[in-house]
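Note that ligands are numbered from 1 as they come in the structure, with each ligand's atoms numbered from 1 the same way.
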Amino acid sequence: MGGENGGLEMSGTAQKHVVLGVTGGIAAYKACDLASKLTQRGVQVHVIMTEHAARFVCPATFRELTGQPVVVDMFAENPGLPIAHIALARMADLLLIAPATANVIGKMAAGIADDALTTTALAVEAPVLLAPAMNTKMWEKPVVQENLAKLRQRGVLIVGPAEGVLACGEVGAGRLAPVEEILAAALHLLGLEEGAARKAGTGTAGTASVPPAAGDASLAGWRVLVTAGPTQEPLDPVRFLSNRSSGKMGYAIAAAASARGAQVTLVSGPVALQPPVGVEVVAVQTAQEMADAVAQRLDSCDVFVAAAAVADFRPATVQPEKIKKQEGTETLELRLVRTPDILAMAGERRRQRGGQGGPILVGFAAETGSRNLIELARDKLQRKGVDLVVANDVTAAGSGFGTDTNQVHLVWAGGQVESWPLLRKDEVARRLWNRLSQFRQGRS
Ligand code: CTP
């Protein structure tokens with residue numbers, strides 16, 4: 001990656017080169033900030049603009065910010081870059097396209113190369129990171145989502161978009177992800193330290209927001225479904241029942257799979273974490289919503305990891321108005337009913353198929369008190385009909401809810417038990433994918 005410099009001067013062997021593709025949307029102005037911040041971090045930024053982007057922002061702005069020539073027209077004289085798209089593709093350690101319009105996403109998905117940016121995108125071998133930005137209606141169009149899914153499958157990483165008020169006045173998904181978030185993802189993919197990205201003010205929470213540096217495609221072609229976080233079961237318009245799950249373990253698992261080239265969907269309850277780069281996040285609130293989202297996707301995945309702390313019970317009725325205190329009454333009785341057991345539903349589907357086919361099923365068992373941990377996990381494994389239960393004692397020091405570390409035991413359907421030391425959750429996730437790779441090889 002980035003081994004040849006295509007005739008340009010490199011200042012220092014360790015210097016990283018980012019080709020920043022800027023396409024024609026109003027968010028193009030935010031790419032100036034991104035180019036500036038990357039340059040300040042010592043990255044050499046080579047900007048390629050589409051002609052439409054050059055109508056939003058003047059190429060001279062990027063030239064001044066980066067100190068590098070800016071390519072717009074591939075047939076124009078580009079000093080120092082005789083065949084600009086090949087030279088830039090060769091030197092790139094990362095191709096970052098921000099903002100990426102629906103148009104460029106469509107062209108890349110179709111393999112169209114009709115300008116300097118799309119020809120570079122077709123020639124590049126470095127990781128590709130897209131930060132889409134467009135109108136909500138465009139973002140939601142099936143064709144755009146299909147194109148993104150195609151690109152994801154080919155290993156392209158996607159950051160954002162965010163939700164909010166768009167330039168067109170509409171509210172919804174389609175805003176360019178915050179510049180700090182794109183910067184953090186880019187620096188991480190470049191192997192520049194994560195701490196620095198955080199210092200730059202990413203505001204990302206936990207250990208799971210950015211995947212390990214790309215380059216390992218050992219899970220390419222895998223379709224992975226993960227649940228994470230708690231669920232919230234409404235009681236009335238302002239109250240809900242929930243639990244202490246932070247979602248960190250599930251997010252780390254999703255991020256680690258995505259970083260190895262898997263196509264990952266993360267069905268997430270409400271958490272305060274950034275979506276991992278390249279992962280499709282389906283946000284849900286209740287156990288029923290999580291069950292519906294999983295049921296729709298279960299038959300088209302290769303591995304299902306149920307890391308969510310799903311509420312086992314929900315209030316039997318949701319009051320339409322806020323529950324008021326009653327004069328003279330000191331207690332309130334709630335009637336709770338069972339929620340669907342999502343993992344057991346996945347196991348049941350397999351049972352109905354005679355135990356054949358379908359995804360590898362992985363559950364988590366969060367217990368309090370280590371005494372019967374393995375026995376309880378074994379019981380859960382059999383009851384739910386899964387291949388592996390990852391068990392931990394959430395009351396042990398360094399393990400469980402909200403922590404960045406975890407000490408887990410792997411209890412396999414075959415009877416083996418593996419106990420790992422206390423590890424960072426992202427390391428648990430990395431090792432888990434190593435083990436699941438071996439397991440899948442053994443199964444096929
Ligand atoms: N799980 C699920 N749907 C539920 C409850 C749990 O998918 N409604 C999954 C969790 O994501 C986890 C595993 O099942 O992977 C274990 O969850 P846990 O709540 O510990 O198990 P239970 O079967 O509810 O056992 P117990 O109540 O005895 O702890």
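- At a 3.5 angstrom cut-off on N or O pairs, A365 does not count as close to ligand 1.
- E427 CD to W420 CH2: the interatomic distance, rounded to the nearest 0.5 Å, is 8.5 Å.
- K380 CE, 3.3 Å is the protein heavy atom nearest to atom 25 (O) of ligand 1.
- For atom 3 (N) of ligand 1, the closest non-hydrogen atom on the protein side is I342 N, 3.0 Å.
- Across every non-hydrogen atom of A256 and A429, the tightest pair is CB-CB, 3.9 Å.
- At distances below 3.5 Å, not a single donor-acceptor pair connects side-chain atoms of D379 with backbone N or O atoms of E375.
- Among the atoms of L343, some N or O lies under 3.5 angstrom from an N or O of ligand 1.
- No side-chain heavy atom of F313 sits under 4.5 Å from any side-chain heavy atom of L241.
- The contact set between ligand 1 and G363, taken as ligand atoms under 4.0 Å from a residue heavy atom, comprises 15 (O).
- Counting non-hydrogen atoms of neighbouring residues, nucleotides and ligands closer than 6.0 angstrom, the CZ atom of R383 exceeds 12 such neighbours.
- How far CD of Q263 is from CZ of R152: 7.5 Å, rounded to the nearest 0.5 Å.
- Only the side chain of D312 comes within 4.0 Å of ligand 1, judged by heavy-atom distances.
- Looking only at heavy atoms of the protein, atom 16 (C) of ligand 1 is closest to F364 O, 2.8 Å.
- Using a 30° and 60° split on the angle between ring planes, W412 and F439 fall in the tilted class, from 30° to 60°.
- In terms of N/O distances under 3.5 Å, ligand 1 is approached by P340.
- No N or O atom of A307 sits closer than 3.5 Å to an N or O atom of ligand 1.
- A 6.0 Å sphere centred on CZ of R353 holds more than 12 heavy atoms belonging to other residues, nucleotides or ligands.
- Considering backbone and side-chain N/O of E367, none are found under 3.5 Å from N/O of ligand 1.
- Looking at A344 against ligand 1, nothing comes within 4.0 Å, counting heavy atoms.
- Of the N or O atoms in A308, one or more lie within a sub-3.5 Å distance of an N or O in ligand 1.
- Atom CD of Q352 has more than 12 neighbouring heavy atoms from other residues, nucleotides or ligands inside a 6.0 Å radius.
- Ligand 1 has no N or O atom lying under 3.5 Å from any N or O atom of A309, backbone or side chain.
- Counting heavy atoms from C-beta on, the side chains of V57 and M49 come closer than 4.5 Å.
- Ranking the protein heavy atoms by distance from atom 4 (C) of ligand 1 puts V310 CB, 3.5 Å first.
- Residue contacts with ligand 1 include R383, since one of its heavy atoms falls under 4.0 Å from the ligand.
- When each atom of ligand 1 is checked for a heavy atom of T339 under 4.0 Å away, the hits are 8 (N).
- Of all protein heavy atoms, the one lying nearest to atom 1 (N) of ligand 1 is K384 NZ, 3.7 Å.
- Considering only heavy atoms from C-beta on, L129 comes within 4.5 Å of V277 through its side chain.
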